[in-house]
Amino acid sequence: MMRNPVIRRQRRNLIASLGLSFAAMLTPAAGHAGEGQSAIGMLVDYKDWEIGCDNTRSCVAIGMTSEDGTMSAYLRIVRDGGADDAPLADFVIYPPDDSSEKLKQPLLRLSFDAHKAGGLPKGALTLEEAGDLYSYQLAEDALPDLIAGLRSATTITADLYDGDRKLSSQVISLAGSVAALLQMDDAQQRIGTVTALIKKGDAAADTIPPVPALPVVKSLPVADMPDPLPATPHGLPKSSPDDCGEGPAPYIAYDLGDGAQLWGVCASAGAYNYAYDFRIVKGGAVDPVQFLVPDQTGDDASQLWNSYVDDENNRLSSFFKGRGLGDCGGSDAWAWDGKAFAPVLHMGMGACRGVMMEDWPVLYRAETE
């Protein structure tokens, strides 16, 4: 059975969505975080909230609908790891299912259910277009009231309007919100300081350690090799029809420059995911390659899902869809330094509840040169 360390997470709630074995995506090789463990480099679930942080202590916490598989509004709270970095909160709203045109005057009204403290902005709030969705960023001075309300409320209702016409009510669950934000405080070493969201104290902001520097990796251009591909290099594993059927190509290949090529052999195929097992070919030698985020290991580290070359940066990337809608799974970018591949970006989302990829928590990042 193929394994791929796409993302680390605590709860395996994608299994019902996959057309192939869940173990093929997330396994003990990738590890997973339990409640109370650090969210650095991992995804952690707290009921209807999910949080992940990267190697610079930048964290993203997302509150969603309580209904698995539903495409609905969500609340995204993001904060970088520096002592003086302020949190930002964005509400992302879905248009009506039957809406084929952009709204003329998209407005939002927010409300807690019963709550003892805090509050949300009153009146109609102007939404911004966010691709096919809409978003509203809470003003920084409104964050304390939002956080106070999370402690006693159980839901936020987001009512979408087009001008005066109400179109929908979308409910964001707050179950797990306080625990997720406490995890953010902990990962960013803010607990007991004046900057904490949940567990404040008297310690000054300058007691928070500096943010770790980003790793710097060399990135050389990668290109697709044109069809038809040349003859399969001697020593490359054979593609098995039992694993991939007749759909995907048995082999794919990329030009790494300086006489090196990256060849992939189809290893697994599902409804919308294709995995290839890769080798570096140069000067007659065929050598295994590893795609690993720091601290990860894996029996199948030579395999990637749905690999492609990003035309903007000529870099190898990969993307695993937890389901066909693409609102959960994992996404990675890899830099080729002339000898090996190093991760540049590693992000993921476990819950399939409508969170678009650009809003997923980033779990690792590096700079390129």
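For this chain, numbers begin at 1 and follow the sequence in order. Keep in mind that this is a model prediction, so the values were computed, not measured.
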task = Return yes if a side-chain donor-acceptor contact under 3.5 Å exists between Tyr94 and Gln170, otherwise no.
result =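 Absent: no donor and acceptor within the cut-off.
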
Does the [X] side chain pair with the main chain of [Y], one donor and one acceptor, at a distance under 3.5 Å?
{"X": "Asn306", "Y": "Tyr274", "answer": "yes"}
{"X": "Trp360", "Y": "Val355", "answer": "yes"}
{"X": "Asp310", "Y": "Glu312", "answer": "yes"}
{"X": "Asp45", "Y": "Lys47", "answer": "no"}
{"X": "Arg151", "Y": "Val178", "answer": "no"}
{"X": "Tyr251", "Y": "Leu229", "answer": "no"}

Identify the two heavy atoms, one from [X] and one from [Y], that lie closest to each other, and give their separation to 0.1 Å.
{"X": "Asp132", "Y": "Lys102", "result": "CA-NZ, 3.7 Å"}
{"X": "Ser307", "Y": "Leu316", "result": "CB-CD1, 4.3 Å"}
{"X": "Ser318", "Y": "Leu304", "result": "OG-CD2, 3.8 Å"}
{"X": "Val309", "Y": "Val222", "result": "CG1-O, 3.4 Å"}
{"X": "Val293", "Y": "Pro343", "result": "CA-CG, 4.0 Å"}
{"X": "Tyr46", "Y": "Ala179", "result": "CD2-CB, 3.5 Å"}

Atom pair [atom1]/[atom2] of [X] and [Y] - distance to nearest 0.5 Å:
{"X": "Ile62", "Y": "Met349", "atom1": "CD1", "atom2": "CE", "answer": "4.5 Å"}
{"X": "Lys122", "Y": "Leu110", "atom1": "NZ", "atom2": "CG", "answer": "10.0 Å"}
{"X": "Gln188", "Y": "Thr195", "atom1": "CD", "atom2": "OG1", "answer": "8.0 Å"}
{"X": "Leu160", "Y": "Leu108", "atom1": "CG", "atom2": "CG", "answer": "7.5 Å"}
{"X": "Phe278", "Y": "Gln303", "atom1": "CZ", "atom2": "CD", "answer": "9.5 Å"}
{"X": "Ile191", "Y": "Asp185", "atom1": "CD1", "atom2": "CG", "answer": "6.0 Å"}

query = Hey, any chance Val265 and Ile252 share a hydrophobic cluster, counting ILVMFWY side chains that come within less than 4.5 Å of each other, even indirectly?
reply =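 They do not share one cluster, since no chain of ILVMFWY contacts under 4.5 Å joins Val265 to Ile252.
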
ask   = Can Met356 be reached from Met347 by stepping across I, L, V, M, F, W or Y side chains whose heavy atoms are under 4.5 Å apart?
value =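 Yes; Met356 is reachable from Met347 via cluster members.
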
I'd like to check [X] versus [Y] (side-chain heavy atoms, cut-off strictly below 4.5 Å). Are they in contact?
{"X": "Thr368", "Y": "Val344", "answer": "yes"}
{"X": "Leu103", "Y": "Tyr134", "answer": "yes"}
{"X": "Phe319", "Y": "Lys321", "answer": "yes"}

Hey, can you pull the donor-acceptor pairs under 3.5 Å for the side chains in residues 51-61, sequence neighbours left out?
| from | atom 1 | to | atom 2 | distance (Å) |
| --- | --- | --- | --- | --- |
| Asp54 | OD1 | Thr56 | N | 2.8 |
| Asp54 | OD1 | Thr56 | OG1 | 2.8 |
| Asp54 | OD1 | Arg57 | N | 3.3 |
| Asp54 | OD1 | Ser58 | N | 3.0 |
| Asp54 | OD2 | Thr56 | OG1 | 3.4 |
| Asp54 | OD2 | Arg365 | NE | 2.6 |
| Asp54 | OD2 | Arg365 | NH2 | 3.2 |
| Asn55 | OD1 | Arg365 | N | 2.9 |
| Asn55 | ND2 | Arg365 | O | 3.0 |
| Arg57 | NH1 | Pro210 | O | 3.2 |
| Arg57 | NH2 | Gly81 | O | 3.4 |
| Arg57 | NH2 | Pro209 | O | 2.6 |
| Ser58 | OG | Asp80 | OD1 | 2.8 |

request  = Mind telling me whether Phe291 and Trp334 have parallel, tilted or perpendicular rings, with 30° and 60° as the class edges?
outcome  =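 Ring orientation of Trp334 relative to Phe291: perpendicular.
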
inquiry  = Exactly one of Thr65, Asp68, Asp327, Thr70 should register a side chain to side chain donor-acceptor pair (under 3.5 Å) with Arg353. Which one does?
reply    =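 Output: one option passes, namely Asp68.
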
message = Using the side chain to side chain donor-acceptor pair (under 3.5 Å) definition, which of the options Asp359, Asp48, Asp90 pairs with Tyr74?
response =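 Only one option passes, and that is Asp359.
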
ask   = Linking Ile, Leu, Val, Met, Phe, Trp and Tyr through side-chain heavy atoms less than 4.5 Å apart, which residues share a cluster with Leu107?
value =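 Under the 4.5 Å side-chain rule, Leu107 groups with Tyr161.
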
